[in-house]
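Computed from heavy atoms alone, side chains included, the values below leave out hydrogens, waters and symmetry copies. Read the numbers this way: they start at 1 and go in the same order the structure lists the ligands and their atoms. All residue numbers in this chain count up from 1 along the given sequence.
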Amino acid sequence: MRIMLFGEPGVGKGTLGSRLSEKYSIPRLSTGDLFRAEIAKSTPLGQKVKEYINSGHLVPDEIVLEVAKQMFSVDYNNGFILDGFPRTVPQGEAFSAILKEHDWKMDAIILIKVQIEEIIRRLSARRQCESCGASFNLVSSPPKVAWVCDKCSGKLIQRPDDEPQVVRERLSVYQEQTNAVVNYYRRKGLLKEIDVTGLSVNESFESLIKLIESS
Ligand code: ADP
Ligand code: ZN
């Protein structure tokens, strides 16, 4: 199963993508998680991308394409969940070439939608473990102890790019750059869309599974 997830920041791509990854026993490939791990380890790549990410801008295509090349040098025989790539038209073109090279076809290309008011609410309540990256939400999935990770007891922080001003920047970057990629798949009739405004994580996940398996 090869699944691609699109959606504005905060629609739950990471959470739903992780659930899909468990259900289908396939890896979730997230460029955002990969970059954040590099930043946490302060690697040369992490240092290069940190400023872009923390200010809500996209990492330049040449860096992303280098990372993508490595990401897809592995043979994902059972498939993968793609979260956060491609995000620009050149990345979309590069990804088409990768598919062709491996003789792969996508099984589902999905756009997850949530009303803007809810996006803002969710992102301001999001907390993430500094050590293991686990995600919490003060409203919908609060940690057992405030500011402490349930999984590894690490410290919970707010992602720097979840600050309100940076969120606005990320939303406008999405409109300006990623929408074009989404529209490309929509025009080709390959895009399935789902609105999960007001739904719980479980309800969103159920609807998503139905949509994926309806093809
Ligand atoms: P979200 O989708 O919630 O904004 P991600 O975790 O997917 O968050 O990405 C966080 C940040 O990482 C993005 O705002 C961007 O700076 C960077 N990033 C991730 N993937 C890409 C990509 N494919 N191209 C450019 N930048 C990316
Ligand atoms: Zn943790």
Check your understanding: Counting only heavy atoms not in F205, do more than 12 sit closer than 6.0 Å to its CZ atom?
Key -> yes
Minimum-distance protein heavy atom relative to [atom]:
{"atom": "atom 24 (N) of ligand 1", "answer": "Q91 NE2, 2.9 Å"}
{"atom": "atom 10 (C) of ligand 1", "answer": "R36 NH1, 3.5 Å"}
{"atom": "atom 16 (O) of ligand 1", "answer": "H57 O, 2.5 Å"}
{"atom": "atom 26 (N) of ligand 1", "answer": "V59 N, 3.0 Å"}

At less than 4.0 angstrom from any non-hydrogen atom of [X], what atoms of ligand 1 do you find?
{"X": "T31", "value": "19 (C), 20 (N), 21 (C), 23 (N)"}
{"X": "G32", "value": "5 (P), 6 (O), 9 (O), 19 (C), 20 (N)"}
{"X": "G84", "value": "20 (N), 21 (C), 22 (C), 23 (N)"}
{"X": "L58", "value": "16 (O), 25 (C), 26 (N)"}

Given that the side chain starts at C-beta and the backbone is N, CA, C, O, which of these parts of [X] lies under 4.0 Å from ligand 1, counting heavy atoms, or is it both or neither?
{"X": "E8", "answer": "neither"}
{"X": "K50", "answer": "neither"}
{"X": "V64", "answer": "side chain"}

Practice item. Determine the interplanar angle of the Y185 and F6 rings, folded into 0 to 90°, and report it as parallel if under 30°, tilted if 30 to 60°, perpendicular if over 60°. Key: tilted
Point to revise | Angular separation of C132 SG and C149 SG about the Zn ion (ligand 2), given to 10° | key: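 Taking the Zn ion (ligand 2) as the apex, I get 110° for this pair.
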Review point. With ring centroids as reference points, do F95 and W104 lie under 6.0 angstrom apart?
Key: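 Ring centroids of F95 and W104 are no less than 6.0 Å from each other.
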In terms of side-chain geometry, is the basic nitrogen of [X] or [Y] positioned less than 4.0 Å from the acidic oxygen of its partner?
{"X": "R127", "Y": "D162", "result": "no"}
{"X": "E206", "Y": "K210", "result": "no"}
{"X": "E193", "Y": "R186", "result": "yes"}

Exercise for review: Identify the two heavy atoms, one from P9 and one from L123, that lie closest to each other, and give their separation to 0.1 Å.
Suggested key: O-CD1, 4.0 Å
For ligand 1, which is the ligand I care about here, please tell me if [X] has any N or O atom under 3.5 Å from one of the ligand's N or O atoms.
{"X": "I53", "result": "no"}
{"X": "P9", "result": "no"}
{"X": "R170", "result": "yes"}

Point to revise | R159, K13, R87: member with heavy atom nearest to atom 7 (O) of ligand 1 | key: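 Heavy atom nearest to atom 7 (O) of ligand 1 belongs to R87.
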**Study point:** Q47-E38 side chain donor-acceptor pair, cut-off 3.5 Å
**Key:** no
Exercise for review: Decide yes or no for C149 and C132: does some side-chain heavy atom of the first lie under 4.5 Å from some side-chain heavy atom of the second?
Suggested key: yes
Practice item. Report yes if some heavy atom in the side chain of I194 is under 4.5 Å from a heavy atom in the side chain of L111; otherwise report no. Key: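 No - every pair of side-chain heavy atoms lies 4.5 Å or more apart.
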